[in-house]
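Per chain, numbering begins at 1; letters A, B, ... match sequence-line order.
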There are 2 protein chains.
Amino acid sequence: MTDQIVTPFRSESHNHKRCVTDAMALAEERCARRGARLTRIRRRVLELIWSRHEPVKAYDLLDQLREEHRGAAPPTIYRALDFLLAEGLIHRIESLNAYIGCGDPSHPHLGQFLICERCNAVAEMDDDDIRDLLAHKAALQGFHVNWQTIEINGVCPSCRAIPNGTVSGNETDTPADRCR
Amino acid sequence: MTDQIVTPFRSESHNHKRCVTDAMALAEERCARRGARLTRIRRRVLELIWSRHEPVKAYDLLDQLREEHRGAAPPTIYRALDFLLAEGLIHRIESLNAYIGCGDPSHPHLGQFLICERCNAVAEMDDDDIRDLLAHKAALQGFHVNWQTIEINGVCPSCRAIPNGTVSGNETDTPADRCR
DNA sequence: TTGTCACATGTTATTCTATTGCAAACAATG
DNA sequence: CATTGTTTGCAATAGAATAACATGTGACAA
């Protein structure tokens, strides 16, 4: 059985700099192989998304991009996001209107997401059992499945270890800063 | 085993007038029992949603409400929707930014939605197998589930029966008008 | 080298979705 | 009647995404 966890929750040992460069390398490689043009803007947007390692809003990306790229406007971001989605390099989280890096761009997949409502961390699964059960249940209704949106909200293991009322103080930290 | 289909796809025999009045009666009853105030606006919004019997956008509802209620503004609609969501009388479809009547408001539930991308018809399931499998898979990651968003896009049985390129002519009809 | 074509980006405006904040109206209760 | 909590009215604004058209750029062939 293959590993059905594409992006696990980050552990204490997570080397984030390495994580970003690895993801970028995979992206470069995949685009090269497919003849897709990972331009400067597109590359930079992907890098900004991976740097955060949590769901990022389009206008947050726009603000960041503007700091280094005067003239960036909403279409700049949305075009880059569309490209990255089409290439399977990121996923869109519907319930958050946000985008997150895909941990396994090697093959197109739907993904199922575990979203921590305390720290915003997201783990990505690509679980055949889930996909197949949904397809099966749909088929019982005579329904043909093209796409599945599966987003599970709750509390990640790290946050469960923290007493409920506890507040970490800085609510703008990234997941790794708050969740251990 | 209980019936896990809350709102099936509409059949030819669907009596839509009856369907709406039934849904309204259930809503009245549930609100009365819970001491929730189903005011004129809230009742009317619910009725508008059920009348369409497919996912409806907030601003569509606003337009309709304005025709009979001058002074209706975005907050008017969103407050009504918030109330109806809180009472479990409607569901929100995240992937469409739209709202749909709940076929079984008797108990709170998550719901899994089959969304036809041809005719917009939606069937609602409340399937324990799906819910439990997702909870199980999440638990394997140490994740505690509070909420599940499950939206399945594809082609409903009625539309599958229609040759692919066929267009029914009037794309603004309701699902029942087009899907048989 | 130049022309051409496809693709990518710049630019401005607009549409769609949703919330905030405060005032006025209303309904239930003592 | 007075009080209290809830609901609605109203104006403004925030947030998410797209449309339409102009301009730039890179690869390839003539």
Side-chain angles (χ1 to χ4, degrees), chain A residues 27-28 31-32 34-46 48-49 52 54-87 89-100 120 149 151 172, chain B residues 27-28 31-46 48-49 52 55-87 89-100 120 149 151 172:
Chain A
E28 295 282 1
C31 287
R34 306 213 334 147
R37 282 150 67 165
L38 188 60
T39 63
R40 209 158 65 260
I41 291 177
R42 292 164 175 177
R43 182 182 295 107
R44 185 59 182 139
V45 169
L46 180 60
L48 288 171
I49 292 172
R52 290 276 293 275
E54 67 181 339
V56 196
K57 303 259 181 179
Y59 275 69
D60 284 355
L61 291 169
L62 178 55
D63 289 342
Q64 291 190 258
L65 193 63
R66 266 204 239 264
E67 290 176 9
E68 61 202 47
H69 187 84
R70 75 161 201 69
T76 315
I77 289 295
Y78 284 103
R79 284 166 182 157
L81 291 172
D82 285 346
F83 171 87
L84 297 170
L85 285 167
E87 292 301 318
L89 298 170
I90 61 172
H91 293 285
R92 175 177 157 83
I93 307 292
E94 296 291 344
S95 60
L96 298 176
N97 293 337
Y99 305 83
I100 191 164
N120 299 323
T149 300
E151 299 173 8
T172 63
Chain B
E28 296 282 1
C31 287
R33 231 180 325 107
R34 306 215 332 149
R37 282 151 65 167
L38 189 59
T39 63
R40 206 158 66 259
I41 291 177
R42 291 164 175 176
R43 181 182 295 108
R44 186 59 182 138
V45 170
L46 181 59
L48 289 171
I49 292 173
R52 291 275 292 275
V56 196
K57 303 259 182 180
Y59 276 70
D60 285 355
L61 291 169
L62 179 55
D63 289 341
Q64 291 190 259
L65 193 62
R66 265 203 239 263
E67 291 177 8
E68 62 202 46
H69 187 84
R70 76 160 202 68
T76 315
I77 289 294
Y78 283 104
R79 285 166 182 157
L81 291 172
D82 286 346
F83 171 87
L84 297 170
L85 285 167
E87 292 301 318
L89 298 171
I90 61 173
H91 292 285
R92 176 177 157 82
I93 308 292
E94 296 290 346
S95 59
L96 299 176
N97 292 336
Y99 306 83
I100 190 164
N120 299 324
T149 300
E151 300 173 7
T172 63

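Spacing between atom CG of Leu38(A) and atom P of dC7(C) amounts to 17 Å, rounded to whole angstrom units. Rounded to whole Å, atom P of dT6(D) lies 17 Å from atom CD1 of Ile41(B). Between Leu65(B) atom CG and dC10(D) atom P there is a gap of 13 Å when expressed in whole angstrom units. Counting to the nearest Å, the C1' atom of dT6(D) and the CZ atom of Arg40(B) are 16 Å from each other. Distance, Glu94(B) CD to dA17(D) C1': 16 Å, rounded to whole Å. If you measure from atom CG of Leu96(A) to atom P of dT17(C), you get 18 Å, rounded to the nearest angstrom. Spacing between atom CZ of Arg44(A) and atom P of dT9(C) amounts to 15 Å, rounded to whole angstrom units. Separating the CG atom of Leu81(B) from the P atom of dT8(D) is a distance of 12 Å, rounded to the nearest angstrom.
Put simply, OG1 on Thr76(A) and CG on Leu61(A) are 11.5 Å apart, with the number rounded to the nearest 0.5 Å. The line from CZ of Arg43(B) to CZ of Phe83(B) is 9.5 Å long, rounded to the nearest 0.5 Å. Atom CG of Leu38(B) and atom CD of Glu28(B) lie 5.0 Å apart (nearest 0.5 Å).
Between Tyr99(B) and dA18(C), a side-chain N or O to OP1/OP2 separation shorter than 4.0 Å is present. Taking only side-chain nitrogens and oxygens, Lys57(B) comes nearer than 4.0 Å to OP1 or OP2 of dT17(C). The side chain of His69(A) places an N or O atom within less than 4.0 Å of a non-bridging phosphate oxygen (OP1 or OP2) of dG10(C).
Using a 4.0 Å heavy-atom cutoff across all strands shown, Ile77(B) reaches no nucleic acid atom at all. At the heavy-atom level, Phe83(B) lies nowhere under 4.0 Å from the strands shown. Residue-level contact check: Arg92(A) touches the backbone only, with heavy atoms under 4.0 Å from sugar-phosphate atoms and none from bases.
Comparing the local axis fitted to the first five base pairs of the helix from dT1(C)-dA30(D) to dG30(C)-dC1(D) with the one fitted to its last five gives a bend of 10°, rounded to 10°.
Nearest-nucleotide mapping onto DNA chain C: of Thr76(A) and Asp60(B), the residue sitting toward the 5' end is Thr76(A). Nearest-nucleotide assignment on DNA chain D puts the 5′-proximal partner with Ala73(B), out of Ala73(B) and Ala58(A). Heavy-atom nearest nucleotides on DNA chain D were determined for Arg42(B) and for Arg70(B), and the one closer to the 5' end corresponds to Arg42(B).
With hydrogens and angles ignored, the 3.5 Å screen pairs no side-chain donor or acceptor of Arg44(B) with any backbone N or O of Leu65(B). Between the Lys57(A) side chain and the Leu96(A) main chain, a donor and an acceptor come within less than 3.5 Å of each other.
Taking 4.5 Å as the limit, every side-chain heavy atom of Glu151(A) sits out of range of all side-chain heavy atoms of Glu94(B). You'll find the side chain of Thr149(B) stays beyond 4.5 Å of the side chain of Ser95(B), heavy atoms only. Two residues are said to be in side-chain contact when any heavy atoms from C-beta on lie closer than 4.5 Å; Arg92(B) and Ile100(B) fail this criterion.
Residue pairs that meet the salt bridge (charged side-chain N to carboxylate O under 4.0 Å, His left out) test with at least one member in residues 70-85 of chain A, sequence neighbours left out, do not exist here.
Between Ile49(A) and the choices Leu89(A), Leu81(A), Asp60(A), the side chain to side chain contact (heavy atoms under 4.5 Å, CB included) rule is met once, by Leu81(A).
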| request: Determine, for nucleotides 19-30 of chain C in 5'-to-3' order, which nucleotides have protein heavy atoms under 4.0 Å from the base (write B), from only the sugar-phosphate (write S), or from neither (write -). | output: BBB-----S---

